[in-house]
Amino acid sequence: MLKPRLSVKEILHQDPDPKQVHTIMGWVRTFRNNQFISLSDGSGPDVLQVVLELGKFDENLLKRITTGACLKISGKLVASPAKGQSVELLADAVEVLGDCDAEKYPLQPKKHSLEFLREIGHLRMRTQTFGAIFRLRNTAAFAIHKFFQEKGFLYIHTPIITASDAEGAGEMFRVTTLDLNHVPKNEAGEVDYSKDFFHRSANLTVSGQLEGELAAMAFSKIYTFGPTFRAENSNTTRHLAEFWMIEPEMAFYDLEDNMNLAEEMLKYIIGECIKQNDKDLDFLNKRWEEEERQKPAAERYPMNLLQRLQFVLEHPFERLTYTQAIEILQNSNYNKKKKFKYPVDRWGIDLQSEHERYLVEKHFQKPVILTDYPKDIKAFYMRLNEDGKTVRAMDILFPGIGEIVGGSQREERYEYLLQRMREMNIPEKELWWYLDTRRFGTCPHSGFGLGFERLVQFITGMGNIRDVIPFPRFPGHVEF
RNA sequence: UCCUCAGUAGCUCAGCUGGUUAGAGCACAUGACUGUUAAUCAUGGGGUCCCUGGUUCGAGCCCAGGCUGGGGAGCCA
């Protein structure tokens, strides 16, 4: 009788039944003793032990069962007599769907460095570590949709290709079909974009926020979740040229509503990951603890990965203004003993990573939300406070990551917005459609941007952002 | 882009003060063993010591330039 095929994850939850024949497909992790196959199909962190009775199978077949080979196995699920697994598959038939030359296959049943695995990005997903990471990434992505859908937010697709390059969120990638060897020029010697595909210059988006605001003026609560592109020459463990961003935008939300939403969302996503991927997290936690053990005691984090996630879930984020933060930093022993590379000497300076880290990791030892930054170090669209000096901005800072969320209450007053744009040389003509929202039924509204990969970094404990996206893009690198 | 550390076998690394034939573990191959959990034991093959140039009687080791990778900074999410 034809049975529906089970995944490894599913069959591991079945009760042993000596009568029922299952067919399982997957890839060999290890083959021990010419008898025991660890088979993985990526459906979960656990592998299925397949037992080949000695002498039952042809030797030439056994030689083809190598690390990485793809197999189709039918057999019966039995209780395992040995420790390590509760059930195992007693094989009746083994078919090699795809051979894997053990001498040439780069993945071995041993620990590899992340740097090496980065070079074989097409294969690294088959490892336990990257299996866990990308299953968690999947859970987090789905949790984001669940969170917003349950709250009545509309998922809107903002454009990937955009005409505006006015936002100042970062350097942009050009989108063109012009022949780069024969670029048409106008009389002034400039590139003649009227000959280009869109009849004007176009770029990849650096943010869906401005378009998101348009949608919020129609649907009240919206979110975007899509790829974003920044052509910055950033070479760090926290930056990518192509990354995914979540950007909710809410009409009638003030800054406090905005912060509440962001904090609730982060906790919801983390909670879902703990609930649904506990074994993946256990695995990454062990990995994390091993790495921590290598570090000198002074640099070790007081909590392990699981404790840290739990801690974030259980404690309210610390909220304070930029001005309060500056006071704390100025009065800190760190500052007095001149341990900061960039001394905190006056109100108005932009906070450096070391300052953010001090607040989050030393002073408060929990996530921090900083609000009301000086207007001069923030974007043009943030709402000006009564003091005329600060804006209704909020950044959420996470331990080990730094800024994970950046948001604000938006400047909804036409005159104020226009003035800020002029002060900051934002071309108002190009953003006529954005200004229109303030002319036609404007309203108080707020929103934020969450860097998805940074959140996945926090959840998985991975130190380098290039390890939490399947195919990272960064300066000099677009492989696969 | 800047600062910093590194590059030796497929992988992870050792290699003394510059000295003759460059090592280990894992992986791989062959054999033995057979209820293993990254199996174990034995044997074996495997090297452009990142590249170019220089110093030296002699360079994996010293010097200069470059390439590649890691970490940190800036920009930010």
Side-chain angles (χ1 to χ4, degrees), chain A residues 28-39 46-55 59 62-63 66-68 78 80-85 88 90 100-120 127-128 167-171 206-209 227-247 262 295 299 340-342 350-357 377-379 395-398 401-407 448-458 463-469 474-477:
Chain A
V28 177
R29 274 274 167 71
T30 61
F31 184 33
R32 296 179 295 270
N33 233 352
N34 250 357
Q35 266 182 104
F36 304 100
I37 302 169
S38 278
L39 197 75
D46 293 325
V47 291
L48 174 67
Q49 168 151 292
V50 177
V51 183
L52 308 187
E53 210 179 301
L54 278 173
E59 268 198 32
L62 294 179
K63 282 195 174 155
T66 56
T67 302
V78 297
S80 179
K83 282 179 189 166
Q85 60 281 315
E88 59 191 26
L90 201 55
C100 188
D101 185 337
E103 205 165 352
K104 293 181 183 142
Y105 187 56
L107 291 177
Q108 303 157 5
K110 61 166 280 189
K111 192 171 173 169
H112 291 291
S113 67
L114 293 171
E115 293 80 16
F116 172 67
L117 291 171
R118 239 168 257 157
E119 291 168 15
I120 50 167
T127 64
Q128 291 190 84
E167 224 187 299
E171 289 295 310
V206 292
S207 161
Q209 180 199 314
T228 310
F229 309 88
R230 306 250 170 116
E232 302 285 351
N233 191 12
S234 300
N235 293 285
T236 80
T237 54
R238 311 180 288 289
H239 290 85
L240 291 165
E242 177 184 286
F243 64 100
W244 289 67
M245 193 149 63
I246 295 95
E247 293 178 289
K295 292 183 190 168
E299 285 172 33
F340 287 131
K341 191 178 162 202
Y342 298 86
D350 207 349
L351 295 181
Q352 307 293 322
S353 312
E354 58 177 349
H355 305 141
E356 296 179 350
R357 292 191 66 146
I377 58 172
K378 286 291 177 184
D395 283 0
I396 302 185
L397 311 177
F398 261 38
I401 308 286
E403 186 180 343
I404 197 166
V405 163
F448 62 83
L450 165 72
F452 184 54
E453 281 75 17
R454 289 191 181 170
L455 177 61
V456 179
Q457 255 189 297
F458 182 75
N464 194 320
I465 201 166
R466 294 165 192 173
D467 293 329
V468 298
I469 188 166
F474 50 102
H477 297 265

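Worth saying up front: this structure is predicted, and the values here are computed from it rather than measured. Proteins get letters first, then strands, A, B, ... in listed order; numbering begins at 1 in each.
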Ignoring backbone atoms, test whether A:H112 places a side-chain nitrogen or oxygen under 4.0 Å from the OP1 or OP2 oxygen of B:A27.
no
Please determine whether a side-chain nitrogen or oxygen atom of A:N33 lies at a distance below 4.0 Å from atom OP1 or OP2 of B:C33.
no
For A:P81, report the nucleic acid contact type (base, sugar-phosphate, nothing); a contact means any heavy atom under 4.0 Å.
base
Under 4.0 Å: is that the gap between some side-chain N or O of A:R29 and OP1 or OP2 of B:U37?
no
A:S353 side chain near B:G74 phosphate (N/O to OP1/OP2, under 4.0 Å):
yes
Classify A:N235 by what it touches in the nucleic acid, base, sugar-phosphate, or nothing, heavy-atom distance under 4.0 Å.
base
Tell me whether the OP1 or OP2 atom of B:U37 has a side-chain N or O from A:S38 closer than 4.0 Å.
no
Spacing of the C1' atoms in B:A27 and B:C11 (rounded, Å)
7 Å
Residue-phosphate contact under 4.0 Å: A:T236 side-chain N/O, B:G72 OP1/OP2
no
Within the pair A:T237 and B:G72, is there a side-chain N or O less than 4.0 Å away from OP1 or OP2?
yes
Is A:Q35 touching bases, backbone alone, or none of the nucleic acid, heavy atoms closer than 4.0 Å?
base
For B:G74, does OP1 or OP2 lie under 4.0 Å from any side-chain N or O of A:Q352?
yes
Report yes if a donor N or O on one partner sits less than 3.5 Å from an acceptor N or O on the other, where the partners are the side chain of A:E232 and the base of B:U1; otherwise report no.
no
Does a nitrogen or oxygen in the side chain of A:R32 sit under 4.0 Å from OP1 or OP2 of B:A39?
yes
Please tell me whether A:R238 and A:T236 have a donor and an acceptor in their side chains that are separated by less than 3.5 angstrom.
no
Compare side-chain N and O positions of A:R238 against OP1 and OP2 of B:G72 and report whether any pair is under 4.0 Å apart.
no
B:U56 to B:C75 separation - C1' atoms, rounded to the nearest Å:
47 Å
For a quick check, tell me whether the side chain of A:E88 and the base of B:G35 share a donor-acceptor pair closer than 3.5 Å.
yes
For a side chain to side chain contact (heavy atoms under 4.5 Å, CB included) with A:L240, tell me which candidate from A:E232, A:H477, A:R230, A:E453 qualifies.
A:E453
Below 3.5 Å, does any donor atom in the side chain of A:S234 face an acceptor in the base of B:C75, or the other way round?
yes
Give one of base, sugar-phosphate or nothing for A:A82, where a contact means two heavy atoms less than 4.0 Å apart.
base
B:U48 to B:G60 separation - C1' atoms, rounded to the nearest Å
12 Å
Pick base, sugar-phosphate or nothing for A:K111, based on heavy-atom distances below 4.0 Å to the nucleic acid.
base
